[in-house]
Amino acid sequence: MILIKILEMPTRFFGGIAALLILPLVGALIIEVFSRHVLGTPTVWAFEISYMVMGTLFVLGMANALRLKQHVSVDLLTMKMSNRVAASIRAIFYIMLLPIIIWLTWELAYYFYEAYESGERSGRSAWNPIVWPIYFTWFLGFLLLVMQLIAELLKAIITMVSGKEDDFA
């Protein structure tokens with residue numbers, strides 16, 4: 001139980017950060033719309049800020065969505081099963097998903113490192129910002145997802161052993 005709480009602490013923290021990222025995203029879009037339609041001069045940075053902040057919001061929020069059971073799932077069959085059987089099915093899928101997500105996390109760490117070392121820039125606008133910060137947030141989001149998958153696997157194992165769904169909140 002303590003291990004689950006430790007694994008979920010960063011998920012909760014960065015889930016809150018992700019929620020707060022809506023504010024700068026909306027601010028950037030308001031500035032862009034005002035600048036484009038009222039002043040007649042679109043910004044050079046709003047497009048890149050928008051996709052970077054939105055991407056960060058999504059990747060930092062995916063682990064928290066898993067923790068809160070907000071991902072899409074089809075419970076039609078598992079709701080008729082016992083807690084142990086449903087937890088066993090979840091555990092099997094978490095075990096199958098974990099190596100893939102670990103591999104993606106490893107690759108994103110490599111992309112981040114390469115972009116940082118080379119000073120890679122986006123090339124998508126006149127602003128042309130460096131991209132390693134966004135690659136780092138993608139890596140961080142997937143690392144949080146790995147940690148949350150491990151926590152969910154532990155929860156499923158506890159349910160398989162005890163036969164009851166505990167509220168691990």
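Only a predicted model underlies this, so the values are computations on that prediction, with no experimental measurement involved.
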Same cluster (ILVMFWY, side-chain, under 4.5 Å), M54 and W127: yes
Which pairs with one or both residues in residues 69-94 pass ring-ring contact (aromatic ring centres under 6.0 Å, His included), sequence neighbours excluded? none
For the pair R84 (side chain) and V161 (backbone), establish whether a donor and an acceptor sit closer than 3.5 Å, ignoring hydrogens and angles. yes
Residues which pass side-chain contact (heavy atoms from CB on, under 4.5 Å) with M9, listed by chain and number, not counting sequence neighbours: none
NZ on K69 to NZ on K155, rounded to 0.5 Å: 5.0 Å
Using atom types as modelled, flag every donor-acceptor pair under 3.5 Å from a side chain in residues 22-40 to any protein atom, sequence neighbours excluded.
residue, atom, partner, partner atom, Å
E32, OE1, T43, N, 3.0
E32, OE1, T43, OG1, 2.3
E32, OE2, R36, NE, 2.9
E32, OE2, R36, NH2, 2.8
S35, OG, T41, O, 2.2

Between CH2 on residue W132 and OG1 on residue T137, distance to nearest 0.5 Å: 10.5 Å
Side chain to side chain contact (heavy atoms under 4.5 Å, CB included) between M62 and Q70, worked out: CA-CA 9 Å; M62 28 183 213; Q70 297 296 310; over 6 Å; no
Under 3.5 Å donor-acceptor pairs involving side-chain atoms of residues 96-107, not counting sequence neighbours:
residue, atom, partner, partner atom, Å
T105, OG1, I101, O, 2.7
T105, OG1, F142, O, 3.4

To the nearest 0.5 Å, atom CD of E120 lies from atom CD1 of I134 at 12.0 Å
Side chain to side chain contact (heavy atoms under 4.5 Å, CB included), that's the test. Do R12 and R67 meet it? Break it down for me. CA-CA 9 Å; R12 290 172 186 267; R67 182 183 68 82; 3.3 Å; yes
Please list all pairs meeting salt bridge (Lys or Arg N to Asp or Glu O under 4.0 Å) that have one or both residues in residues 51-63, counting only residues at least two apart or in different chains. none
Contact summary for A46 and S50, nearest pair of heavy atoms: O-OG, 2.7 Å
Once you round to the nearest 0.5 Å, how far does CD1 of I157 lie from CG of L153? 4.0 Å
ring-ring contact (aromatic ring centres under 6.0 Å, His included) pairs, two or more places apart, involving residues 48-70: F47-Y51
Under the ring-ring contact (aromatic ring centres under 6.0 Å, His included) test, which residues partner Y110, sequence neighbours left out? none
Cluster check I150, L68: I/L/V/M/F/W/Y, side chain < 4.5 angstrom: no
Between CZ of R90 and CG of N83, what distance do you get to the nearest 0.5 Å? 8.0 Å
Could you state whether M52 and L20 fall into the same hydrophobic cluster, counting links through intermediate Ile, Leu, Val, Met, Phe, Trp or Tyr residues with side-chain heavy atoms under 4.5 angstrom apart? no
Who pairs with I2 by side-chain contact (heavy atoms from CB on, under 4.5 Å), at least two apart in sequence or on another chain? I6
Restricting to non-hydrogen atoms, name the atom on L149 and the atom on L66 that form the minimum distance, rounded to 0.1 Å. CD2-CD2, 3.8 Å
Would L108 end up clustered with Y113 when hydrophobic side chains under 4.5 Å apart are linked, directly or stepwise? no
Partner set under side-chain contact (heavy atoms from CB on, under 4.5 Å) for A18, not counting sequence neighbours: L60
Looking only at heavy atoms, what is the nearest atom pair of V85 and M81, with distance? CG1-SD, 3.5 Å
Exercise: identify the closest heavy-atom pair between T11 and Q148: OG1-OE1, 3.2 Å
I4 reachable from M160 in the ILVMFWY side-chain graph, under 4.5 Å edges: no
Sequence neighbours excluded, which residues qualify as side chain to side chain donor-acceptor pair (under 3.5 Å) partners of S122? E48
Contacts of K164 that satisfy side-chain contact (heavy atoms from CB on, under 4.5 Å) - sequence neighbours left out: S162, D166
What distance separates I158 CD1 from M1 CE, expressed to the nearest 0.5 Å? 6.0 Å
Got a sec, which residues hit ring-ring contact (aromatic ring centres under 6.0 Å, His included) with W138, two or more places apart in sequence or on another chain? Y135
